[in-house]
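Take a look at the structure below.
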Amino acid sequence: MVPLPLTGGCQCGALRYEIRQAPLMAYNCHCTNCQRIGGGAFSTPITVLEAAFAFAQGEPRTFEWTSDSGTRRFGWLCGTCGGRIAHGGTPSIGVLSVRSGTLDDTSWVEPVGDIWTRSAQPWALSSDRIGYDRQPTDYTPFVERFRKQGRFAV
Ligand SMILES: [Zn+2]
Ligand SMILES: [Zn+2]
C-alpha cells in the first residue's frame, strides 16, 4: 500500500505539497493544452479532492486558460522554475489534477485510461487502457479501474 500523505514539489523545490487522501484515479490526457504545457505528447495527472491537497511550502503562481472542452481551468506553477503542480476548474469543481511527475514517489502511478485521444499521438495509446475521444462526462470507469489496482487502503 502507498502511504499517505503523498508528498511532492516543483523542480527547484520552492513549492512543496501534501495530499492527505487517496487519489481517485490516474490517467493520461492528450489534449492540446497538456501537450503545450508539458512540451510532450501527453500528461499523466492523478485526480485528488481539492480539500485533500495543501501546499506545505511556497506560494504558487496561478495561470488560467480555456480547456479544449471550453471550460475555464487554472494551473498552479512555481514562480521560480515554472514547474506546473496542479490544475483545477474555475469556479472550483472540487477536484484537482495533480501532475503525477511532481510526486516524490511516482512508482505506483499507472494510468487507467486516456482522454482526448483525438489529439493523441498514435504511438502513445494502448488497447489495455480505456480511451475517450474527448473529455468523458462520467469518470466512473476510470475510478473503478483505479480502485482495482489496489494501491491505496480505502
Ligand atoms: Zn520551483
Ligand atoms: Zn489535458
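One-based numbering, in listed order, for ligands and for the atoms of each.
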Suppose we call two aromatic rings close when their centres sit under 6.0 Å apart. Are Y27 and F42 close by that rule?
no

Leaving waters out, which protein N, O or S atoms fall under 2.8 Å from the Zn ion (ligand 2)?
C29 SG, C31 SG, C34 SG

If you count the non-hydrogen atoms of other residues, nucleotides and ligands that lie under 6.0 Å from CZ in R61, is the total more than 12?
no

Atom CD of Q57 with >12 non-hydrogen neighbours under 6.0 angstrom
yes

Can you establish whether the number of heavy atoms outside R147 located under 6.0 Å from its atom CZ is more than 12?
no

Under 3.5 Å, is there a donor on one side chain and an acceptor on the other for Y139 and T47?
no

Students often mix this up, so state it plainly: with edges at 30° and 60°, are the rings of F146 and W108 parallel, tilted or perpendicular?
perpendicular

Centroid separation under 6.0 Å, is that true for the rings of W76 and F55?
yes

Looking just at side-chain N and O atoms, do T66 and R72 make a donor-acceptor pair shorter than 3.5 Å?
yes

Measure from the side-chain N and O atoms of T90 to the backbone N and O of R73, and report whether any donor-acceptor pair falls under 3.5 Å.
no

Everything protein-side that's N, O or S and under 2.8 Å from the Zn ion (ligand 1): list it, residue and atom.
C10 SG, C12 SG, C78 SG, C81 SG

